[in-house]
Amino acid sequence: MPTDSAATRLVAEQGGPAPELDQLIANLRTGPGTDPRVAEQVAAAASAWRRPVRIQVTGRAGAGKSTLLQALALISAEETTPVDEPGHPDPTLDADLLVYVLSSALQPGDRAVLSRLPRDRTVVVLNKADAVGSRWADAEAAVGQCAYEMGMATLPVVSELAVRTRSGTPSQEDLTTLRRHTATTDPTFTLTAELFCSPGFGPDTAEREAVIARWGLFGVSTAVSALARDPDLGPQTMRQILHAVSGIDAVHTLLHRRYERSAEQRGGDFLDELARLAARAGGPGAGRARDLIEDYLSGDEALWTGLRAGLACPEVLHLAAGYPSPYPADADDAIARAQRWRAVVSSDMPATARRAALRAHNGYVRLFERMSSAGL
């Protein structure tokens, strides 16, 4: 990473307006370019950019929305009313990021709701995936079918197990109880909770009831299989196994990426709003608002914001998928990326894609200048 302070600011991922913008607002309010009206408009646009990304979790009644929220620890997310609650209006789904929770394979009611939601801002989670069919492969098939039909990212999860692994660890007593039954060959042993606790499988009925109350049928079934392969597994290792099979980490990772992308796209909207304010700021008697805003838009901070917004544009996401980081490795990498995006600008792709490519191109050109000290 370059040591030049301007380049450092250029790549500072602050998630919102940074010093150059604060200086712009100060200058518009009290500096040489005083224009209080425009200053307040810029400040309002900056506040809209600064606000946290809104997340709504929705779905039909009984889908497990609250449990999923608890598993993900999404404190700021909003849980909506059910989309199928009789006698009540449908919830308004207008957040930056939408999480639609299924509790079974896609149903007609789910299709109707999902068809009205924006694909690039919606993530579908098949909760209670362990209850779909008789094998995990059935849940994977349901996930694949939903992703194919709706064109939305879809993941399976057992959020109840994820909540359990966040709040506790299997005890040695739990593992001792399960080890007694690793040699059980009856395929119905872990088919239902009632069968697992049946007296027909031994005198430790109370211990098995306690274990399944703590870890659920899917957790118990997974733990028995794991212990059959390695009887020496300890509590912490078993907790890690159960947490992994819950599927919650994949959901968390996807939501984190979508959260960042939403913030980056809003950065692009913010730059568009500044450009509109600059265009309206001229005229007789106007201060230097237009010049000040245009200077900001051509500065390091705005170009980096524009670069990130360009890479987050849905129409060109596939073109940026190979980048390990938005930030180039060196000056050669920066100019190579700039040239690649320039080719997209000159292509016959849709206008939104070419505009996003132009933002990426301009940002990488500026990074090349800073990293190579070319000063072009």
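Keep in mind the model is a prediction, meaning the values are calculated, not measured. Side chains are part of it too, since the values below use all heavy atoms of this structure and drop only hydrogens, waters and symmetry mates.
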**Report entry** Closest heavy-atom pair and its distance - I241, T222
**Finding:** CG2-CG2, 4.1 Å
Query raised in the report: Does a side chain donor of either E149 or Q145 reach within less than 3.5 Å of an acceptor in the other side chain?
Result: yes
Report task. Kindly check if the number of other-residue, nucleotide or ligand heavy atoms within 6.0 Å of NE2 (H318) is above 12? Result -> yes
Requested in this report: For R164 and L242, run side-chain contact (heavy atoms from CB on, under 4.5 Å): C-alpha distance rounded to whole Å, both residues' side-chain angles, the deciding distance at 0.1 Å, then the answer.
Outcome: CA-CA 9 Å; R164 296 174 191 270; L242 296 180; over 6 Å; no
Query raised in the report: With no hydrogens and no angle check, do the side chains of T188 and D186 hold a donor and an acceptor under 3.5 Å apart?
Result: yes
Query raised in the report: Is the closest side-chain heavy-atom distance between E40 and R29 below 4.5 Å?
Result: yes
Query raised in the report: Relative to F201, does R208 satisfy both conditions: NZ or CZ under 6.0 angstrom from the six-membered ring centre, and within 45 degrees of the ring's axis?
Result: no
Query - With H256, the side-chain hydrogen bond (donor to acceptor under 3.5 Å, both in side chains) member among R258, H252, E260 - result: E260
Query - Salt bridge flag under 4.0 Å for residues E273 and R276 - result: yes
Query raised in the report: Is it the case that one hydrophobic cluster holds both V211 and L233, taking links as side-chain heavy atoms less than 4.5 Å apart, direct or via other members?
Result: yes
Query raised in the report: Taking side chain as C-beta onward, heavy atoms only, is P91 less than 4.5 Å from E85?
Result: no
Query raised in the report: Between Q23 and N27, is any side-chain donor less than 3.5 angstrom from a side-chain acceptor?
Result: yes
Query - Side chain to side chain, P328 and L367, heavy atoms closer than 4.5 Å - result: yes
Requested in this report: Take N362 and L307, measure what side-chain contact (heavy atoms from CB on, under 4.5 Å) needs, and give me the verdict at the end.
Outcome: CA-CA 7 Å; N362 291 343; L307 186 156; over 6 Å; no
Query raised in the report: In terms of side-chain geometry, is the basic nitrogen of R135 or D138 positioned less than 4.0 Å from the acidic oxygen of its partner?
Result: yes
Report task. Would you indicate whether the side-chain heavy atoms of D230 and M238 approach each other to under 4.5 Å? Result -> no
Report task. Evaluate the side-chain contact (heavy atoms from CB on, under 4.5 Å) criterion for residues D300 and R366: first the C-alpha distance (whole Å), next the side-chain angles of each, then the deciding distance (0.1 Å), finally the verdict. Result -> CA-CA 7 Å; D300 292 342; R366 180 59 57 86; 2.7 Å; yes
Query raised in the report: Is there a chain of hydrophobic side chains (I, L, V, M, F, W, Y, each step under 4.5 Å between heavy atoms) that links V132 to L114?
Result: yes
Query raised in the report: Is it true that the side chains of D174 and W215 contain a donor and an acceptor less than 3.5 Å apart?
Result: yes
**Report entry** Inter-residue atom distance L317.CG - L311.CG, 0.5 Å rounding
**Finding:** 8.5 Å
Report task. Using a cut-off of 6.0 Å, state whether more than 12 heavy atoms not belonging to R111 lie near its atom CZ. Result -> yes
Query raised in the report: When rounded to the nearest 0.5 angstrom, what is the spacing between OH in Y364 and CZ in R337?
Result: 4.0 Å
Requested in this report: State which residue, out of L68, L126, D249, V143, fulfils the side-chain contact (heavy atoms from CB on, under 4.5 Å) condition with V157.
Outcome: L68
Requested in this report: Could you please spell out the steps behind the side-chain contact (heavy atoms from CB on, under 4.5 Å) verdict for L155 and V123?
Outcome: CA-CA 8 Å; L155 291 172; V123 171; 5.5 Å; no
Query raised in the report: E301 side chain to L21 main-chain N or O, any donor-acceptor pair under 3.5 Å?
Result: yes
Report summary line: Value for CH2 (W136) from OG (S221), rounded to nearest 0.5 Å, stands at 11.5 Å
Query - ILVMFWY cluster, V125 and V245 together (side-chain gap under 4.5 Å) - result: no
Report task. Considering only NZ, NE, NH1 and NH2 on the basic side and carboxylate oxygens on the acidic side, decide whether R355 and D272 come within less than 4.0 Å. Result -> yes
Query raised in the report: So, D94 and R54, do they make that salt bridge, N to O below 4.0 Å?
Result: yes
Report task. Output yes when R121 and D96 qualify as a salt bridge under the 4.0 Å nitrogen-oxygen rule, no when they do not. Result -> no
**Report entry** Closest non-hydrogen atom pair between W49 and R266, with its separation
**Finding:** O-NH2, 2.9 Å
Query raised in the report: Taking NZ, NE, NH1 and NH2 as the nitrogens, is one of them in R261 or E264 under 4.0 Å from a carboxylate oxygen of the other?
Result: no
**Report entry** Closest non-hydrogen atom pair between T58 and K65, with its separation
**Finding:** C-CD, 3.4 Å
Query raised in the report: Any link between L93 and Y259 through a network of hydrophobic side chains (Ile, Leu, Val, Met, Phe, Trp, Tyr) touching at under 4.5 Å?
Result: no
Requested in this report: Determine whether the side chains of E20 and Y296 contain a donor N or O and an acceptor N or O closer than 3.5 Å.
Outcome: no
**Report entry** Distance-minimising heavy-atom pair for S104 and Q107
**Finding:** OG-NE2, 3.7 Å
Report task. Please check if L178 and F218 belong to a single hydrophobic cluster, counting links between Ile, Leu, Val, Met, Phe, Trp and Tyr side chain heavy atoms closer than 4.5 Å. Result -> yes
Query raised in the report: Side-chain contact, heavy-atom cut-off 4.5 Å: L28 with L292?
Result: yes
Report summary line: Rounding to 0.5 Å, atoms CZ (R288) and CG (D295) come to a distance of 7.0 Å
Report summary line: Tightest non-hydrogen contact, residues A63 and K128, listed as O-CE, 3.9 Å
Query - P235 side chain reached by L175 side chain, heavy atoms, under 4.5 Å - result: yes
Query - Nearest-0.5 Å distance that lies between atom OG1 in T81 and atom CD in E79 - result: 9.5 Å
Report task. Evaluate whether atom CD of E160 has more than 12 neighbouring non-hydrogen atoms of other residues, nucleotides or ligands under 6.0 angstrom away. Result -> no
**Report entry** Donor-acceptor side-chain pairing of S159 and N127 below 3.5 angstrom
**Finding:** yes
Requested in this report: Could you tell me whether R354 and E315 make a salt bridge, using a distance below 4.0 angstrom between a side-chain N and a carboxylate O?
Outcome: no
